[in-house]
Every structure is written in C-alpha cells, then in structure tokens.
Colleague: 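I'd like to ask some things about the structure below.
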Amino acid sequence: MSNEIEIGRGKRARRVYTFDEIGVVPTRRTRDPEVVSTEWSIDAFRFEIPVLGAPMDSVMSPATAIELGRLGGLGVLNLEGLWTRYEDPEPVLEELGSLGDDAAAVRRMRECYAEPIKPELIRARLGEIRESGVTVAGALSPHRTAEFYETVVGAGVDLFVIRGNTVSAEHVAKEGREPLNLKQFIYELDVPVVVGGAATYQSALHLMRTGAAGVLVGFGGGASSTTRATLGIRAPMASAIADVAGARSDYLDESGGRYVHVIADGGLGTSGDLVKAIACGADAVMLGAALARATDAPGRGWHWGQEAHHDDLPRGKRVRVGGVAPLAEVVSGPAHVADGTANLMGALRRAMATTGYSELKEFQRVGIVYAER
C-alpha cells in the first residue's frame, strides 16, 4: 500500500512520522530492569550506554565530556567552539548565559565566535580529555575538516565526527572551492569517522559507502534549530531513522557484512524520544538539549548550536532549557521529576524490560504503533 498523499493535482507527498505519533508496545514477556543491558560498541570502542553528547558549546565542555565518559557514554567536543577559540572561555559562557533571546544576543554571539580557532587549543582540550582515561571524540563541520583534521588526529582523538545540518557524499562546490572528498578522506584516516546528518535512505547509503563507521540521522530537528522556518526543510525523526536503518541493512548485504552504526541526532528531548529512536532502528543517540538541561552543563540553562550565530543566515536560536539536575542524575538518575528529562538510562532500561527485551539490538525489533493525534 502506498503511503503517498496528494497535496494538489500537480504534487504528491510521502507520509512520514514524528516521535509524537508513534509508541512502542509490550510483548508477552517482561523483565526486571536490572537484567537489561544498554551496552553498544562502535569500531573497537565499547560503551555502557548508547549516548553521545552533542558537540555544542551549551552541552559539552572538556569537563562534561569527561563526566559523560565516566557515566558510560561518549562526549563529543565541538572543536570549532569557544573552547578552541579562548584560553579561558568561562567568562564568555557566563556572558552568553546572561543574554536574552533576541537580535542583540545573536550579534554578540557572532562577535564571540569571530575569535579565530587555535590549533594549540584543539590539542590542549583533547589532551585534557585523554588524560582522564575516557574515549576521546571531537567534531568539526565539513568546511573546517580539511583545515584542522591533521591537528585533531595528531592530538590522539579516538573517534572523529564530521557533523553538519546535512552532509552528503556528493557535494558540489562553487568554482575555486575544493569540496571535501569524504571517501578519500575517510580511507586515509587512521581513526573511525562518524558523519552526518542524513535524513533519507539514499543519502545515508551513499555516506555508508564512504567507509564511515557511523551515520548521524537528523536534519535541523533539534530544540535550538529553526531550519524548518528558515529553509522549509523538515525530516521527521521516526521515519528518518527507520529509512536510514533500512539503508544500514541493505549496505550490510551489499558490503558483505560491514555494519555501519546509525546514531539519531536531533529532536530527542525526553527519555521517551530516546526509547522510540532506538525502537525505530538507531544504535545510539546524540543528545543536545536533553544534556544541556543539566545544572552543570556549560550553557548555564541555555542551549544553542553553531547555526545560531551563522554569518549570513542564522538557522538556530538560543533557547532557555533551564536546569533539571546534575549531569549524572540526568543520565543515570535517580529522577526527581516525572517528565522524561532525568534518569534517561533508567527510562530506557525500564522500557526495554517492560516490552520484554534484554539488549539494544533486540529492542530494535520491538513493535511500534501509530496513533493519529
């Protein structure tokens, strides 16, 4: 049965789904949450929880990346953010935390982020994380990767993330600007690369063919994004993850057994969204606003991404997310609120236990229902 609908006589559209429109359903078996495993691995690295901290200045500092690593996840540091532009970014973060959400704040953010990125600070920040003993991950946008990747790899990064609103394997650049050749770049690197975002089956399949270890799924769907309003582009996450998971399965056959991890990135505001992302086929999730709500997050109750201070066309904003609890409680509990903003892993374990699954890969097979709102 086709899921296309007619918009008008000259246009048809595909019906897709958001997290709010779906839910997971129990099976005949239940388990105790204590016997459920949330472990996952990518390349040679194993993690106790399927959580990556988004490379955004309001979410990850070296300290919070280390803390998330100790909690069993992976903190990804933004290598073109304030921590690689300022020797001491704390006063800048303090100032940004005191600004309102208006045009004046955007102007001030642009001024703060006009400070050049310093290679020595990239090395210093990644070195700080490495010294703590946790897995080291850093992220650059596609247009900064060629400029700084040698510094990043030389600093001893374990996982390298190329993250943008959308990343394609076939980028066409204007005359005089050499596009990043992802396949050649990944082939020549000695570290596993996670790349994205992708939001369709075909775009994800092309990224998988570049040799990426993981693909980020999402396009401007986060709490701080205004991509839908500014560009008119939207990729509801439930369908996007399911499509990319389909590409993963087909690529597994095409490549003769090479498994590429699918990481949901965006629109994951609560523990329920996290549960549904994995149910739709994600191996792990990259969290932004959900971790920015930690009282010890660097954003001081605010959340923003790089699109918020874009020189030409801002596609994001600073949003007030407040403070729920320290990062450890947000991730591992115990929760003192009942709205899905704390003890994210406790909620995931309980959802898996209630529906009868003991491991994440099994839980990807859970039944899903659609309920029209």
Side-chain angles (χ1 to χ4, degrees), residues 40-85 89 117 121-130 132-142 144-145 148-149 151-153 155-165 167 186 189 191-198 212-218 222 224 261-266 268 274 277 282-292 294 297-299 303-307 327 330-331 344:
W40 80 294
S41 60
I42 181 170
D43 202 81
F45 304 97
R46 186 187 66 81
F47 302 95
E48 294 176 13
I49 60 175
V51 172
L52 292 79
M56 306 167 84
D57 283 344
S58 56
V59 181
M60 286 288 107
S61 65
T64 51
I66 291 168
E67 175 70 359
L68 184 57
R70 288 173 175 163
L71 292 168
L74 176 66
V76 184
L77 191 67
N78 176 13
L79 299 180
E80 48 193 279
L82 298 174
W83 288 93
T84 59
R85 297 174 189 265
I117 299 169
L121 288 180
I122 292 178
R123 289 188 287 268
R125 304 312 185 197
L126 293 176
E128 182 181 345
I129 299 171
R130 175 164 292 285
S132 74
V134 304
T135 304
V136 185
L140 291 170
S141 59
R144 292 283 195 178
T145 294
F148 291 112
Y149 82 90
T151 299
V152 175
V153 174
V157 72
D158 294 314
L159 286 160
F160 185 56
V161 178
I162 303 175
R163 183 179 189 255
N165 252 353
V167 178
I186 292 173
L189 279 187
V191 298
V193 177
V194 175
V195 62
V215 171
L216 299 172
V217 183
S224 65
H261 293 81
V262 172
I263 302 168
D265 179 17
L268 298 152
L274 186 159
D283 296 292
V285 296
M286 178 172 276
L287 300 180
L291 300 185
H303 179 49
W304 68 91
Q306 291 176 210
E307 301 86 0
L327 181 63
V330 169
V331 173
L344 304 177

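The shown structure was predicted, so the numbers you read here are calculated from the model rather than taken from an experiment.
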Colleague: What's the shortest heavy-atom distance between P62 and R125, and which atoms?
Modeller: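 Result for this residue pair: CG-CD, 4.1 Å.
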Colleague: For V193 and L189, work out which heavy atoms get closest and say how close.
Modeller: CG2-CD1, 3.6 Å
Colleague: Residues two or more places apart in sequence or in another chain: which of them pass salt bridge (charged side-chain N to carboxylate O under 4.0 Å, His left out) with R123?
Modeller: none
Colleague: Does the side chain of H303 reach to within under 4.5 Å of the side chain of V59, using non-hydrogen atoms?
Modeller: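 SC-SC contact between H303 and V59 confirmed.
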Colleague: Looking at P298 and T64, what are the two nearest heavy atoms and their distance?
Modeller: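 For P298 and T64, the tightest heavy-atom pair comes out as CD-CG2, 3.9 Å.
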Colleague: How about D158 and V136: do any of their side-chain heavy atoms sit closer than 4.5 Å?
Modeller: yes
Colleague: Measuring from atom CG of D57 to atom CH2 of W83, what distance do you get when rounded to the nearest 0.5 angstrom?
Modeller: 9.0 Å
Colleague: Any ring pair (Phe, Tyr, Trp, His ring centres under 6.0 Å) pairs touching residues 46-75, not counting sequence neighbours?
Modeller: W40-F47
Colleague: For S141, does its backbone N or O pair with a side-chain atom of T145 as donor and acceptor, under 3.5 Å?
Modeller: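 Side chain of T145 to backbone of S141, a donor-acceptor pair under 3.5 Å: yes, one is there.
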Colleague: On a heavy-atom basis, which atom in A297 and which in A292 lie closest, and how many Å separate them?
Modeller: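 Between these two residues, the closest heavy atoms are CB-O, 3.6 Å.
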Colleague: Please identify which of these residues, L216, D283, V217, meets the side chain to side chain contact (heavy atoms under 4.5 Å, CB included) condition with I263.
Modeller: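 Only one option passes, and that is L216.
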Colleague: Distance from L287 atom CG to L52 atom CG, nearest 0.5 Å?
Modeller: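 So the gap between those two atoms works out to 8.5 Å.
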Colleague: Can you tell me how far apart CG (L140) and CD1 (I117) are? Round to the nearest 0.5 Å.
Modeller: 7.5 Å
Colleague: For W304, is there any backbone N or O sitting under 3.5 Å from a side-chain donor or acceptor partner on S58?
Modeller: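 Yes; at least one donor-acceptor contact below 3.5 Å.
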Colleague: Let me confirm one number: the OG1-CD1 distance from T135 to I129, rounded to the nearest 0.5 Å.
Modeller: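 Reported to 0.5 Å precision, the distance equals 10.5 Å.
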Colleague: Might you point out which heavy atoms bring L327 and L291 nearest each other, and give the distance in Å?
Modeller: CD1-CD2, 4.0 Å
Colleague: Taking all heavy atoms of A137 and all of V157, pick out the closest pair and write down the distance.
Modeller: CA-CG2, 3.9 Å
Colleague: Taking T84 for the side chain and L79 for the main chain, is one N or O donor matched with an acceptor at less than 3.5 Å?
Modeller: yes
Colleague: To the nearest 0.5 Å, what is the distance between CZ on R163 and CG on D265?
Modeller: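 Going from CZ on R163 over to CG on D265, the span is 4.0 Å.
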Colleague: Run the numbers on L68 and M60 for side chain to side chain contact (heavy atoms under 4.5 Å, CB included), then give the verdict.
Modeller: CA-CA 9 Å; L68 184 57; M60 286 288 107; 4.2 Å; yes
Colleague: Say whether, by atom type as modelled, one donor and one acceptor occur between the side chain of H261 and the main chain of S41 under 3.5 angstrom.
Modeller: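 Yes; judged by distance alone, with no hydrogens or angles, the pair exists.
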Colleague: Find the distance between CZ (R70) and CD (E48) and round it off to the nearest 0.5 Å.
Modeller: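 Between atom CZ of R70 and atom CD of E48 there are 13.5 Å.
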Colleague: Should L344 and I49 be marked as a side chain to side chain contact (heavy atoms under 4.5 Å, CB included) after you check the CA-CA gap, both sets of side-chain angles, and the distance that decides it?
Modeller: CA-CA 10 Å; L344 304 177; I49 60 175; over 6 Å; no
Colleague: For A139, check side chain to side chain contact (heavy atoms under 4.5 Å, CB included) against everything at least two apart and list the hits.
Modeller: P55, V76, V161
